2 protein chains.
Amino acid sequence: MPPKSRAEAMGETREKLIAAARKAFAQKGFSAASMDDLTADAGLTRGALYHNFGDKKGLLAAVVAQMDGEMASRAQAVASQATDEWAGLLAEGTVYIEMALDPEVRRIVLLDGPAFLGDPSQWPSQNACLELTKQTVGRLLEAGRMKPVDVEAAARLLNGAALNAALWVAASDEPRSVLPKAIEAFHVLVSGLLLDPGQA
Amino acid sequence: MPPKSRAEAMGETREKLIAAARKAFAQKGFSAASMDDLTADAGLTRGALYHNFGDKKGLLAAVVAQMDGEMASRAQAVASQATDEWAGLLAEGTVYIEMALDPEVRRIVLLDGPAFLGDPSQWPSQNACLELTKQTVGRLLEAGRMKPVDVEAAARLLNGAALNAALWVAASDEPRSVLPKAIEAFHVLVSGLLLDPGQA
DNA sequence: CTATTCACATACCGCTCGTATATAAAAGTC
DNA sequence: GACTTTTATATACGAGCGGTATGTGAATAG
């Protein structure tokens, strides 16, 4: 094994810290997670953390960016397998709801992220999930299949509805029985955007 | 002025602390707000706070309960003036969006509340806003004007969409020009729940 | 009038984040 | 290849935080 170059060694520590932070933030929440414990868990100290991410919020931003990217690519993979654009939008929303059942996603991306980093539209990661939904909505509008609405407004409402549905499902006593209700209600709600109900 | 009874004196300190907390939480956010500063601002010390609310989260819960109640009563007042139930639901959602433009509401009820107290459906305050929407949806379902969906699911999705729309509006560069877009998109989306589009 | 309760203040402790400093290894230079 | 510089990480320190344990004086009860 050749000696690691400086750049790739630093990349590894960044990955280790982000992985440890993901676990700690998901388990204890952002504000209750200790940076001493977190860095020790990664075999490092706070020195590495401050050098790489500036401060605690910088680390959160990096974690959120990573998870947001993962979520978006998964959503895109699902949507691309749909038969048409409209089915793709429905599938995209559905998979957002399902992904938000993961406690890690819920706590970090949906709760602590907005509370400590501000609105997702201003995140450094550019919020890949929201961008993806905007593109899908834009294509549907161009195809003349949707009522004329503002693209960004529609995307925000769709994401908001999906994510809130997921929070509800996750907090319920029997998530597995509540999930289909949430998905069905989401589909009904989204149908309001459809221009010609006969096409649905 | 007669000497204050013990009970009403305690009520006054509770009110003073809640008022000071509302201001502090809105300005600095829950986690950054200092309980020493906050209580001193109310002319008290942390002793009063721990005696009345148990801990910092207890104070947040009390603040959220108060604000949630205020929002629900305002929404009910607006909805009750609508011509029919359907218009009432639309008006209710619209006023939620508008209320969420208040920075105090946004920060405390929409961001810090869920992050530190968990899902709104489990708040001690019982979440009056959500309850109100559920009742409205329930009446529309009984009247046969809505597609058959789960009441709670529909209410959660509607609130989620409205609140997320508000977060988007508030974070935008020109809230005043974006607000009507959000409201219109909300109305279009909600129309998906309507059974007979001709009635809208 | 005495005894008790209790609402609030004070004192203290462990822990946390951020910074300032130290160190050792890689990278650059000739 | 030796010397200097850069820099990625570790260490040390201080200010401030929340929570608890304890003190205190006024309102209540008998």
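Per chain, numbering begins at 1; letters A, B, ... match sequence-line order. We use all heavy atoms of the structure for the numbers below, so side chains are in, but hydrogens, waters and symmetry mates are not. Given the structure is predicted, the values throughout are model-derived calculations rather than measurements.
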Handout entry: Nearest-Å distance for atom pair NZ/P, residues Lys56(B) and dG19(D)
Key = 8 Å
Problem - Path from Leu60(A) to Val105(A) over hydrophobic side-chain contacts below 4.5 Å - result: yes
Exercise for the section: Quick one: which residue pairs count as a ring-ring contact (aromatic ring centres under 6.0 Å, His included) with a foot in residues 47-72 of chain B, not counting sequence neighbours? Expected result: none
Practice task
May I have the distance from Met10(B) (atom CE) to dA26(D) (atom C1'), rounded to whole angstrom?
Solution key: 15 Å
Completion exercise
Separation of dA26(C) atom P from Glu12(A) atom CD, nearest Å, is 13 Å
Practice task
Report yes if a side-chain nitrogen or oxygen of Asn52(B) is closer than 4.0 Å to either non-bridging phosphate oxygen (OP1 or OP2) of dA7(C); otherwise report no.
Solution key: no
Practice task
Could you check how far CG of Leu60(A) sits from C1' of dC17(C), rounded to whole Å?
Solution key: 15 Å
Practice task
Could you check how far CG of Leu59(B) sits from P of dC8(C), rounded to whole Å?
Solution key: 14 Å
Practice task
Output all residues satisfying ring pair (Phe, Tyr, Trp, His ring centres under 6.0 Å) with Phe25(B), sequence neighbours left out; order by chain, then residue number.
Solution key: Phe30(B)
Practice task
Pull out every residue in residues 31-51 of chain B that has a heavy atom closer than 4.0 Å to any atom of DNA chain D, ordered by number, or say none.
Solution key: Ala33(B), Ser34(B), Met35(B), Arg46(B), Tyr50(B)
Handout entry: Sole candidate of Val64(A), Leu132(A), Asp68(A) that passes side chain to side chain contact (heavy atoms under 4.5 Å, CB included) when paired with Asn127(A)
Key = Asp68(A)
Exercise for the section: Ignoring hydrogens and angles, state whether a donor on the side chain of Gln66(B) or Arg22(B) is under 3.5 Å from an acceptor on the partner side chain. Expected result: yes
Per-pair distances, 0.1 Å, donor-acceptor, side chain in residues 151-162 of chain A, under 3.5 Å, sequence neighbours excluded:
unit_1, atom_1, unit_2, atom_2, d
Arg156(A), NE, Asn164(B), OD1, 3.4
Arg156(A), NH1, Asp119(A), OD2, 2.9
Arg156(A), NH2, Asp119(A), OD1, 3.0
Arg156(A), NH2, Asn164(B), OD1, 3.4

Fill in the blank from the handout: Asp84(B) meets the side-chain hydrogen bond (donor to acceptor under 3.5 Å, both in side chains) criterion, sequence neighbours left out, with Arg145(B)
Handout entry: Between dG19(D) (P) and Asp55(B) (CG): distance, integer Å
Key = 5 Å
Completion exercise
Sorted by number, residues from residues 15-26 of chain B placing a heavy atom under 4.0 Å from DNA chain C are none
Problem - Atom CD of Gln126(A): over 12 foreign heavy atoms under 6.0 Å - result: no
Fill in the blank from the handout: Rounded to whole Å, NZ of Lys28(B) lies from C1' of dG16(D) at a distance of 12 Å
